[in-house]
Protein chains: 2
Amino acid sequence: MTTTPSLTETDEPTARQQAVLEAVLSLMVEEGDQLTMTAVARRASCSKETLYKWFGDRDGLLAATVRWQAARVRAGRYDRPTLDIATLRDSLKGFAETWLTVISSPTSIALNRLAIGHAASRKSNLGGIVLANGRFAIGERLRPVLEAGREAGLLAFEDSETAFRSFFGLVGRDVQIRLLLGDSLTFAPGEIARDAARATDQFLTLYGRPTTDRRA
Amino acid sequence: MTTTPSLTETDEPTARQQAVLEAVLSLMVEEGDQLTMTAVARRASCSKETLYKWFGDRDGLLAATVRWQAARVRAGRYDRPTLDIATLRDSLKGFAETWLTVISSPTSIALNRLAIGHAASRKSNLGGIVLANGRFAIGERLRPVLEAGREAGLLAFEDSETAFRSFFGLVGRDVQIRLLLGDSLTFAPGEIARDAARATDQFLTLYGRPTTDRRA
DNA sequence: GCCGAACCGTAACGTACGGTACGGTCTTTT
DNA sequence: AAAAGACCGTACCGTACGTTACGGTTCGGC
């Protein structure tokens, strides 16, 4: 008889369950491939029976891991839209730094690899979860910043989504795909900050308005 | 006793072998996950014994597939460095269109998913092959164009690699990662051409030298 | 102190799949 | 025409792993 998992999609995992998810993450990062239920149970010092009771099946465990990690990443807050160019630049640069740091972290790489491998088969929607909490979440959080910049006459664009996607490209460039494909791309100390600054300046060159501006 | 594969890494597959590789590709695109040796043999109407004789093992078959597909993609040629801004712009736009077309094709998506999944385990180097024939190959082919543009005083940059990476980001933006993660992102007719033109113009804004030229 | 629930560790089951072996057929060589 | 080899189809083997089952231990409630 199959029992329904005790951890539903909405509610928060208990401390013990979080320890299990932590074990999944660490195994994913270290071993990459060997993400077997037996390995998880051993790493987390729990029984496989408990895993199935809590998470239903293997996909449920992976989905819970992805959801949980995604929730953790959504820590930073950038809620005060700014009104002057220096603060706007700082906000954008902060976003860029955060994003580069995230996508180059071993956890993100392992998680995205897992989700991409899962997107090949059409089972549970790990790719959708990763996208919703990564690419789309950052887009939603950056949009008010961009639109506040436009309101203040600092930026010029028609569609904030289009503008954001250009910023996204200038920041990430080829970093994520290279890392996912196993390229040994590392950031020297301070390099993330410099790349973020360069991308921000380039974005402002493309979408910024000269401060002594005549409003059309 | 294990026999060495008859198809080495360097030589070209025979017509029959290409038919097998075609079967691998079609299975990859259609079924995604069910890329078993039995399925390949059935699809290609050949015996598993022949597969192992030709390709050694499963990884050998996948590597041969990736190499073969990569060789096919390297069709386009852009060998005439240009001297005027219109031709330079056309070259860049052509690159951008080609690249967007490639990364949004089902074959490329399936192939990159496979290589990324393989990069998780540390076995054969599919990720390296894909990178060498994708991202790095296009970089090498675009470099002479960029440097010719600099020689002609049309572009300004210190490092052609850095300039190329910005172009790469402006062109690809979030397209590839979204597709790999299963997002249903499609291009409307003409959209690739428009995106390529936009990215090219943005790149020229960032790296072009202020001549008397400016696009309407 | 006793009961049951929760949980751990491990053994067991079923299946999917990579890899091998073998009989039969067709083609090429001599 | 006989022999050799390439190849197809299928059966077979071994193993890895998801999933289930079970005995033993801990712990909160009565």
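Below, all heavy atoms of this structure are taken into account, side chains as well, without hydrogens, waters or symmetry copies. Below, chain A is the first sequence line, B the second, and so on; all start at residue 1. Predicted model, so just to flag it, every value in this text is computed and none were measured.
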Output yes when a side-chain donor or acceptor of A:Arg43 lies under 3.5 Å from a complementary backbone atom of A:Val24, and no otherwise. no
Examine distances only and state if a side-chain atom of A:Thr65 and a backbone atom of A:Leu61 form a donor-acceptor pair shorter than 3.5 Å. yes
Can you name the side-chain hydrogen bond (donor to acceptor under 3.5 Å, both in side chains) partners of B:Ser105, sequence neighbours left out? none
Hey, could you give me each pair passing side chain to side chain donor-acceptor pair (under 3.5 Å) that has a residue in residues 181-192 of chain A? Not counting sequence neighbours. A:Arg178-A:Asp183
Between P of C:dG9 and CZ of A:Arg43, the distance in whole Å: 14 Å
Find the bend of the helix from C:dG1-D:dC30 to C:dT30-D:dA1 as the angle between its two terminal axes (five pairs each), to the nearest 10°. 10°
Ion pair present between B:Arg165 and B:Glu161, side-chain N to carboxylate O less than 4.0 angstrom? no
Contacts of A:Arg143 meeting side-chain hydrogen bond (donor to acceptor under 3.5 Å, both in side chains) (sequence neighbours excluded), chain-then-number -> A:Glu140
Return yes if some donor-acceptor pair links the side-chain N/O of B:Arg150 with the main-chain N/O of B:Phe157 below 3.5 Å, else return no. yes
Can you pull every protein N or O that's under 3.5 Å from an N or O on nucleotides 3-8 of chain D?
residue	atom	partner	partner atom	Å
D:dC8	OP1	B:Arg16	NE	3.4
D:dC8	OP1	B:Arg16	NH2	2.8
D:dC8	OP2	B:Ser47	N	3.3
D:dC8	OP2	B:Thr50	OG1	2.9
D:dC8	N4	B:Glu49	OE1	3.1

At a cut-off of 3.5 Å, list every protein nitrogen or oxygen paired with a nitrogen or oxygen from nucleotides 15-18 of chain D, distance to 0.1 Å.
residue	atom	partner	partner atom	Å
D:dG18	OP1	A:Arg58	NE	2.9
D:dG18	OP2	A:Met37	N	2.9

Using every non-hydrogen atom in the two residues, find where A:Ala196 and A:Lys93 come nearest and quote the distance to one decimal. CB-O, 3.8 Å
A side-chain contact here means heavy atoms from C-beta on lying under 4.5 Å apart; do B:Gln202 and B:Arg198 qualify? yes
Examine distances only and state if a side-chain atom of B:Thr98 and a backbone atom of B:Gly94 form a donor-acceptor pair shorter than 3.5 Å. yes
